[in-house]
Asker: 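Sharing a structure below in structure tokens format, with a few things to ask.
Note that this is a predicted model, so its numbers are computed, not measured. Numbered from 1 within each chain, the chains take letters A, B, ... in sequence-line order.
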Amino acid sequence: MSTTKELTHSAKTASPSTHATLRVYNTLTKHKEPFRTVEPGKVGIYLCGPTVYDKAHIGHMVGPVIFDCIKRYLVYCGYDVSWIVNITDVDDKLIKKANERNLSMLEVAEENIADYRENLAGLGVNQIDHLPRATECMDDIIAFVEKLIQRGYAYESDGDVYFDVSKDAAYGKLSNRSLESIQGEGGEMADRKRHTADFALWKAAKPGEPSWDSPWKKGRPGWHIECSAMSHKLLGQTFDIHGGGLDLVFPHHENEIAQSECCHGKPMVNYWMHNGLLRADPAAGKIGGRGEREQQAAAVDPEDAVAGKMSRSKGAGGLANLIARQGGDRIRFFLLRTHYRSTVLFSESAIQESATGQETFFRFFKRFERISGESFYTLPAATKRIEGEFDPANDELLQAVHASRNRFLAAMDDDFNTGGAIGELFDLVRTLNKFCDTQQLENTEKRSPTKLKSFRHGTCVLRELTQTLGLFDRPVESSGSPSEDTELVGQLIELLIDLRATARKKKDFTMADTIRNRLGELKITLEDRPGGTEWAKG
RNA sequence: GGCGCCGUAGCCAAGUGGCUAAGGCAGCGGAUUGCAAAUCCGCCAUCCCCGGUUCGAAUCCGGGCGGCGCCUCCA
């Protein structure tokens with residue numbers, strides 16, 4: 001098998017500070033390939049962000065969430081990573097929206113960019129290094145177009161500029177299309193183009209449209225050019241990873257490659273990574289796309305209220321509401337349970353289901369705190385893969401932890417298989433829980449420093465791994481807004497718990513159960529543990 | 001019509017040539033508990049169908065059936 005050979009080879013060529021067991025699926029080659037960087041130890045990532053003509057929806061978050069993990073994981077593996085997410089803030093739809101709302105294009109953009117950033121933060125996406133906007137890079141865009149004209153790959157036509165696909169022999173290589181099979185956009189531009197498949201690099205402005213000075217007519221950039229210009233400006237002529245939704249492969253990314261490679265005469269990107277799309281329900285096609293628009297009115301399954309909500313979420317605050325309702329951490333967890341290239345069937349009931357499983361982690365974190373007195377969230381876990389390596393020696397617990405860690409890393413190394421990796425996380429928690437049970441760690445008298453030390457070490461490993469996914473970074477804010485009453489409520493519950501404890505001592509279980517049941521009706525659960533009774537809301 | 005993806009237990013979902021097919025939800029049995037909750041243990045799939053390659057396939061090839069994406073703005 002060639003796998004062994006590749007691994008051996010990469011171990012020799014890789015920088016010692018980075019891990020070369022990583023394999024990445026490349027849309028361009030349709031294969032998983034060993035990950036090699038352009039520059040040793042450095043990774044440049046460009047992800048296509050939104051066109052900000054409207055509020056973000058959940059589908060816009062799939063890419064950012066997975067790439068947030070990818071960056072975290074690469075950093076963990078020792079790379080110096082620069083991650084760009086572009087914002088397209090000049091576009092036909094933006095102009096249309098601005099006219100409808102009687103606002104400037106800039107105002108519409110500002111509003112939706114703020115919404116986008118809020119939603120990113122809500123899902124814990126905080127690894128982005130730059131969010132460049134197309135309108136901030138106009139000089140670079142114009143220079144890029146000029147160069148394409150100079151090199152004979154583009155032509156001006158009545159103030160517009162078009163890319164001449166017939167000059168690019170490689171055109172179609174990403175989406176595997178032949179020039180003949182491409183219909184191209186017809187319409188009003190058709191007569192200004194030499195080829196139907198030619199696409200606009202620069203569009204002359206009509207009266208009243210926002211425009212920028214250019215060597216051609218005053219106008220604005222075409223849809224694809226800003227990505228070529230900005231990625232070049234920020235990451236260079238050839239960079240490591242370009243990402244986006246699967247729906248961008250054609251024409252957007254195909255056109256980006258054509259522009260960039262014809263302009264620079266070099267490969268633009270080494271790894272093209274595309275995430276799968278979200279679907280609202282089996283009947284409704286993908287979210288935010290043509291399928292939704294066509295079927296929106298038609299088939300809304302009454303069983304699945306979510307489909308309806310998704311459609312409505314195109315309006316104000318849809319995603320923000322969803323995050324408020326479910327919690328960003330749950331949505332993130334839900335998205336990461338599936339491999340990033342798969343289609344995810346989205347529904348709130350599916351989020352609920354995955355959240356039920358997610359509770360296992362939160363319960364364990366509480367248990368850890370009960371036993372160790374330390375918060376899981378502040379554990380000094382290794383932030384680098386190499387630092388986290390350890391020899392479990394004869395420690396049975398740590399041997400199991402070590403094995404789990406290896407399986408987790410193997411999953412992540414295999415094209416960022418977060419779904420498989422999360423499975424290992426569940427295993428790891430079970431191992432740790434089992435240790436608590438068998439060693440009776442909840443019982444103060446049975447604890448030994450040695451056992452506690454192993455337990456803490458194992459839990460540090462758990463934290464080390466969850467950090468690479470950006471999961472459980474901080475305590476979940478308790479649902480419901482805190483009020484001044486919170487303290488008093490807590491004191492009252494403690495009082496009831498004391499009364500119940502007295503009842504239990506007297507074997508008055510009827511009273512004890514009444515207290516627990518009545519509190520249960522108020523959504524307050526009591527759990528009796530060796531160290532006393534614990535209560536929780538919800 | 002062209003290009004491409006997918007079909008694993010009741011549901012969600014890893015695994016893409018070789019130990020007993022991860023994990024989660026739901027369910028069932030047990031340990032534990034005054035009873036619960038939590039936790040742990042056990043049970044619960046031969047991988048859409050047919051054929052082929054191979055010592056050996058869920059995993060590769062061919063053919064069906066079914067679902068989906070792109071080809072037009074889309075993360």
Side-chain angles (χ1 to χ4, degrees), chain A residues 1 27 30 32 47-51 53-54 56-67 85 91-93 96 172 175-178 180-187 197 223 243-252 254 274-279 282 285-293 333-334 337-339 341-345 347 349-350 352-360 363-364 366-367 407 411 414 417-427 429-438 442 504 507-510 512-513 516-517 520 525-530 533-534 536:
Chain A
M1 281 320 322
T27 308
K30 301 197 168 46
K32 283 182 197 169
L47 177 70
C48 280
T51 301
Y53 64 96
D54 208 342
H57 64 251
I58 181 68
H60 289 124
M61 294 293 131
V62 177
V65 166
I66 179 63
F67 274 92
V85 178
D91 161 272
D92 291 2
K93 279 183 292 190
K96 190 175 164 227
S175 57
N176 193 22
R177 267 156 231 252
S178 64
E180 303 79 62
S181 74
I182 298 167
Q183 295 165 12
E185 53 181 324
W223 173 32
L246 213 44
D247 54 343
L248 294 183
V249 173
F250 187 90
H252 188 51
E254 192 69 72
H274 291 96
N275 58 268
L277 305 176
L278 228 47
R279 287 202 302 138
K286 75 184 177 189
I287 290 163
R290 177 176 49 169
E292 180 180 295
R293 285 198 299 278
F333 187 79
F334 169 74
R337 282 183 20 157
T338 309
H339 187 94
R341 277 188 281 119
S342 310
T343 302
V344 175
L345 266 173
S347 72
S349 55
Q352 297 284 13
E353 187 187 303
S354 96
T356 303
Q358 199 178 357
E359 287 297 320
T360 301
R363 279 189 231 102
F364 174 74
K366 281 188 191 165
R367 191 177 201 186
R407 286 193 298 268
D414 184 9
N417 181 358
T418 55
I422 285 176
E424 296 302 336
L425 252 27
F426 274 101
D427 266 351
V429 169
R430 180 184 297 114
T431 299
L432 259 13
N433 266 323
K434 196 169 170 178
F435 189 74
C436 291
D437 285 357
T438 56
E442 300 246 26
R504 289 177 73 206
K507 308 267 185 205
D508 182 357
F509 295 122
T510 317
D513 291 349
R516 188 172 57 195
N517 291 339
T525 56
L526 297 189
E527 299 180 8
D528 299 325
R529 301 182 187 290
T533 300
E534 294 234 330

Asker: Any side-chain N or O of N433(A) under 4.0 Å from OP1/OP2 of C40(B)?
Answerer: yes
Asker: I need the NZ-P distance between K366(A) and A37(B), as an integer number of Å.
Answerer: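 Whole-Å distance recorded here is 17 Å.
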Asker: Quantified in whole Å, what is the C1' atom distance between nucleotide A13(B) and nucleotide G23(B)?
Answerer: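 Approximately 8 Å lies between the C1' atom of A13(B) and that of G23(B).
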Asker: Any side-chain N or O of K30(A) under 4.0 Å from OP1/OP2 of G4(B)?
Answerer: no
Asker: Which whole-number value in Å describes the distance from D54(A) CG to C73(B) P?
Answerer: 18 Å
Asker: Look at the side chain of D427(A) and decide which nucleotide, out of G23(B), A75(B), C71(B), has an atom nearest to it.
Answerer: G23(B)
Asker: R529(A) has an atom CZ; how far is it from atom C1' of U32(B), in whole Å?
Answerer: 13 Å
Asker: Sort me out a list of protein N/O and nucleotides 7-14 of chain B N/O pairs below 3.5 Å, or just none if empty.
Answerer:
residue: C12(B); atom: O2'; partner: R337(A); partner atom: NH2; Å: 3.2
residue: C12(B); atom: O2; partner: R337(A); partner atom: NH2; Å: 3.3
residue: A14(B); atom: OP1; partner: H339(A); partner atom: N; Å: 2.6
residue: A14(B); atom: O3'; partner: N417(A); partner atom: ND2; Å: 2.6
residue: A14(B); atom: O2'; partner: N417(A); partner atom: ND2; Å: 3.4

Asker: Among C3(B), C73(B), U39(B), which nucleotide sits nearest the side chain of K93(A)?
Answerer: C73(B)
Asker: Rounded to the nearest Å, what distance is computed from the CG atom of residue L248(A) to the P atom of nucleotide C70(B)?
Answerer: 11 Å
Asker: Does the side chain of N433(A) reach to within under 4.5 Å of the side chain of R430(A), using non-hydrogen atoms?
Answerer: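 A side-chain contact is absent here, since even the closest heavy-atom pair is not under 4.5 Å.
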Asker: In whole Å, measure the gap between the C1' atoms of A22(B) and C47(B) for me.
Answerer: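 To the nearest whole Å, 14 Å.
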Asker: Just call it for G172(A): base, sugar-phosphate, or nothing, with non-hydrogen atoms closer than 4.0 Å on any strand.
Answerer: nothing
Asker: So which nucleotide does C68(B) pair with, by the Watson-Crick or G-U wobble rule with both distances under 3.5 Å?
Answerer: G4(B)
Asker: Hey, does V62(A) have a side-chain heavy atom less than 4.5 Å from the side chain of V344(A)?
Answerer: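 With C-beta onward as the side chain, the pair stays apart.
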Asker: Classify R504(A) by what it touches in the nucleic acid, base, sugar-phosphate, or nothing, heavy-atom distance under 4.0 Å.
Answerer: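 Base contact.
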Asker: In the structure shown, which nucleotide is the Watson-Crick or G-U wobble counterpart of U53(B), with both distances under 3.5 Å?
Answerer: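 Pairing partner, where one exists within any strand: none, as none qualifies.
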Asker: Would you state whether a donor and an acceptor, one from the side chain of R363(A) and one from the base of A38(B), lie under 3.5 Å apart?
Answerer: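 Such a pair does not exist between side chain and base.
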Asker: Could you check how far CG of D414(A) sits from P of G15(B), rounded to whole Å?
Answerer: 6 Å
Asker: Ignoring hydrogens and geometry beyond distance, is the side chain of D528(A) in donor-acceptor contact with the base of C35(B) at under 3.5 Å?
Answerer: yes
Asker: To the nearest Å, give me how far apart CD (E254(A)) and C1' (G4(B)) are.
Answerer: 13 Å
Asker: Ignoring the backbone of F426(A), work out which of U39(B), C35(B), G24(B) is nearest its side chain.
Answerer: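 So the nucleotide nearest the side chain must be G24(B).
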Asker: Provide, to the nearest angstrom, the distance between the CG atom belonging to L526(A) and the P atom belonging to A37(B).
Answerer: 14 Å
Asker: Taking all heavy atoms of A56(A) and all of H60(A), pick out the closest pair and write down the distance.
Answerer: CA-ND1, 3.5 Å
Asker: If we take the P atom in both C25(B) and U39(B), what is their distance in whole Å?
Answerer: 9 Å
Asker: Can you confirm whether more than 12 heavy atoms, excluding those of K30(A), are under 6.0 Å from its NZ atom?
Answerer: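 Yes, NZ of K30(A) has more than 12 neighbouring heavy atoms, counting only those of other groups under 6.0 Å.
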Asker: Between G63(A) and L47(A), which heavy-atom pair has the shortest distance, and what is it?
Answerer: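 Shortest heavy-atom contact: C-CD2, 3.9 Å.
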Asker: What's the CG-C1' distance between D513(A) and A36(B), to the nearest Å?
Answerer: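 Checked: the CG to C1' distance equals 8 Å.
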Asker: Considering all heavy atoms of both residues, which atom of A421(A) and which atom of A411(A) are nearest to each other, and what is their separation?
Answerer: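 In this case the closest contact between A421(A) and A411(A) is N-CB, 3.7 Å.
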Asker: Side-chain donor or acceptor of R279(A) under 3.5 Å from a matching atom on the base of C68(B)?
Answerer: no
Asker: Should D513(A) and R516(A) count as an ion pair when the cut-off is N to O under 4.0 Å?
Answerer: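 Looking at R516(A) together with D513(A), the answer is yes, because their closest N to O distance falls below 4.0 Å.
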Asker: Want to settle it: does M61(A) or K32(A) sit nearer the 5' end of RNA chain B, counting the closest nucleotide to each?
Answerer: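 Between the two, 5'-proximity favours K32(A).
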Asker: Looking for any heavy atom pair under 4.0 Å, which part of the strands does F509(A) touch: base, sugar-phosphate only, or nothing?
Answerer: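 Result for F509(A) = base.
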Asker: Do E254(A) side-chain atoms and S175(A) backbone N/O form a donor-acceptor pair below 3.5 Å?
Answerer: yes
Asker: How far, in whole Å, is G63(B) from G2(B) if one measures between their P atoms?
Answerer: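 These two P atoms come out 13 Å apart once rounded.
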Asker: If you measure from the C1' atom in C49(B) to the same atom in G67(B), how many Å do you get, rounded?
Answerer: 15 Å
Asker: What are the two closest non-hydrogen atoms of F334(A) and A350(A), and how far apart are they?
Answerer: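 Looking at all heavy atoms of both residues, the closest pair is CE1-CB, 3.6 Å.
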Asker: I'd like the C1' distance from U8(B) over to G24(B), given in whole Å.
Answerer: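 Between the two C1' atoms, the distance is 15 Å.
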Asker: Once you apply the 3.5 Å cut-off to both distances, tell me the Watson-Crick or G-U wobble partner of U39(B), or none.
Answerer: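 The answer is A31(B), by the H-bond criterion.
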Asker: From the list A75(B), G34(B), A22(B), which nucleotide is the closest neighbour of the side chain of T51(A)?
Answerer: A75(B)
Asker: Considering every strand and a 4.0 Å limit on heavy-atom distances, what is the contact class for L425(A): base, sugar-phosphate, or nothing?
Answerer: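 Nothing, no heavy atom under 4.0 Å.
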Asker: Using heavy-atom distances to pick each residue's nearest nucleotide on RNA chain B, tell me which of V62(A) and G357(A) is more 5'.
Answerer: G357(A)
Asker: Of all the heavy-atom pairs spanning F426(A) and Q358(A), show the shortest one and how long it is.
Answerer: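 For F426(A) versus Q358(A), the nearest heavy atoms are CZ-N, 4.5 Å.
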Asker: Tell me what R341(A) touches on the nucleic acid: a base, only sugar-phosphate, or nothing, going by heavy atoms under 4.0 Å.
Answerer: nothing
Asker: Taking the P atom of each, how far is A75(B) from G66(B), in whole Å?
Answerer: 33 Å
Asker: Would you measure the distance from the P atom in A37(B) across to the matching atom in C12(B) and give it in whole Å?
Answerer: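 27 Å, rounded to whole Å.
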Asker: List the atom of L246(A), the atom of H274(A), and the distance in Å for their closest heavy-atom pair.
Answerer: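 Answer, listing the atom of L246(A) first, then H274(A): CD1-CB, 3.5 Å.
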Asker: Would you say the side chain of L278(A) lies within less than 4.5 Å of the side chain of H57(A), judging by non-hydrogen atoms?
Answerer: no
Asker: Among E534(A), E527(A), E442(A), exactly one meets salt bridge (Lys or Arg N to Asp or Glu O under 4.0 Å) together with R367(A). Which residue is that?
Answerer: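 So, applying the salt bridge (Lys or Arg N to Asp or Glu O under 4.0 Å) to R367(A) and each of E534(A), E527(A), E442(A), only E442(A) qualifies.
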Asker: Collect all protein-nucleotide pairs involving nucleotides 26-30 of chain B in which both atoms are nitrogen or oxygen and the distance is under 3.5 Å.
Answerer:
none

Asker: Please check the phosphate of U39(B) (OP1 and OP2 only) for any side-chain N or O of R430(A) closer than 4.0 Å.
Answerer: no
Asker: With sugar-phosphate meaning primed atoms plus P, OP1 and OP2, does S354(A) contact a base, only sugar-phosphate, or nothing at under 4.0 Å between heavy atoms?
Answerer: nothing
